[in-house]
Amino acid sequence: MEIWHNPRCSKSRAAKALLDDQGVDYVERRYLDDPPTAAELDATLTALGIEPRVLVRRGDAKDLGLDLDALGEDRDAWIATMVANPRIIERPVVVTADGRAAVGRPLDNVIHLLEG
């Protein structure tokens, strides 16, 4: 299991604490320093069952001056923008070894992932 973690984010810290409390063996990936590749992000989005724009933190994108409207419906362009600007990726994301994933907002999503 892997958690895409930002230690400055309270939701991310809560998800990490949940994994610790449950005794889950996981890899902490500080995705701002070690962003997912386009292939990893694409696979995770598929596991989540969402389009890239759903996983984007729009406030952070605006702060970075990114024009998300210009991306239209181009999945590859969204993914490339997210990889180049990992700050805009919603957090935390938990990915299991068997390819399932959950966004830890709300934290119940991670609980359901651990149960299933």
Side-chain angles (χ1 to χ4, degrees):
M1 184 169 294
E2 182 174 83
I3 181 172
W4 297 359
H5 179 59
N6 178 350
R8 300 181 78 193
C9 171
S10 63
K11 298 293 185 189
S12 192
R13 289 192 309 270
K16 186 174 179 299
L18 173 69
L19 296 178
D20 290 339
D21 290 347
Q22 296 293 316
V24 174
D25 185 30
Y26 65 90
V27 173
E28 176 185 335
R29 182 177 193 165
R30 295 197 177 189
Y31 72 96
L32 295 178
D33 300 322
D34 181 18
T37 65
E40 289 171 322
L41 189 54
D42 186 48
T44 300
L45 288 162
T46 298
L48 290 167
I50 60 175
E51 290 301 315
R53 69 182 155 284
V54 177
L55 196 62
V56 168
R57 298 175 56 84
R58 295 198 177 268
D60 286 339
K62 183 178 178 182
D63 290 347
L64 293 172
L66 300 175
D67 181 8
L68 299 178
D69 292 334
L71 301 176
E73 297 297 318
D74 186 339
R75 182 181 175 94
D76 291 338
W78 279 90
I79 290 172
T81 300
M82 295 166 78
V83 169
N85 302 279
R87 179 176 152 197
I88 69 171
I89 299 172
E90 186 61 83
R91 58 190 178 255
V93 176
V94 178
V95 182
T96 65
D98 64 1
R100 294 175 298 123
V103 177
R105 289 175 181 262
L107 191 57
D108 284 347
N109 292 343
V110 177
I111 293 168
H112 293 307
L113 184 68
L114 296 176
E115 291 172 345

Identify whether [X] and [Y] are in the same connected component of the hydrophobic contact network (ILVMFWY, side-chain heavy atoms under 4.5 Å).
| X | Y | result |
| --- | --- | --- |
| Tyr31 | Ile50 | yes |
| Leu18 | Val95 | no |
| Val94 | Val54 | no |
| Ile3 | Leu48 | no |
| Ile111 | Val103 | no |

Any side-chain heavy atom of [X] within less than 4.5 Å of one from [Y]?
| X | Y | answer |
| --- | --- | --- |
| Lys11 | Leu107 | no |
| Met1 | Leu19 | yes |
| Arg105 | Asn109 | no |
| Trp4 | Leu32 | no |
| Glu73 | Glu51 | no |
| Ile89 | Leu55 | yes |
| Arg91 | Cys9 | yes |

Salt bridge or not for [X] and [Y], using N-O below 4.0 Å?
| X | Y | value |
| --- | --- | --- |
| Arg30 | Glu28 | yes |
| Arg29 | Glu40 | yes |
| Lys16 | Asp20 | yes |

Minimum heavy-atom separation for [X] and [Y], please, with both atom names.
| X | Y | answer |
| --- | --- | --- |
| His5 | Ser12 | ND1-OG, 2.6 Å |
| Gly104 | Val110 | CA-CG2, 3.6 Å |
| Glu90 | Arg57 | OE2-NH1, 2.9 Å |

Nearest-0.5 Å distance that lies between atom [atom1] in [X] and atom [atom2] in [Y]:
| X | Y | atom1 | atom2 | result |
| --- | --- | --- | --- | --- |
| Ile79 | Leu71 | CD1 | CG | 11.0 Å |
| Asn85 | Leu66 | CG | CG | 4.5 Å |
| Asp74 | Arg53 | CG | CZ | 11.0 Å |
| Asp108 | Leu113 | CG | CG | 12.5 Å |
| Asp76 | Asp42 | CG | CG | 7.5 Å |

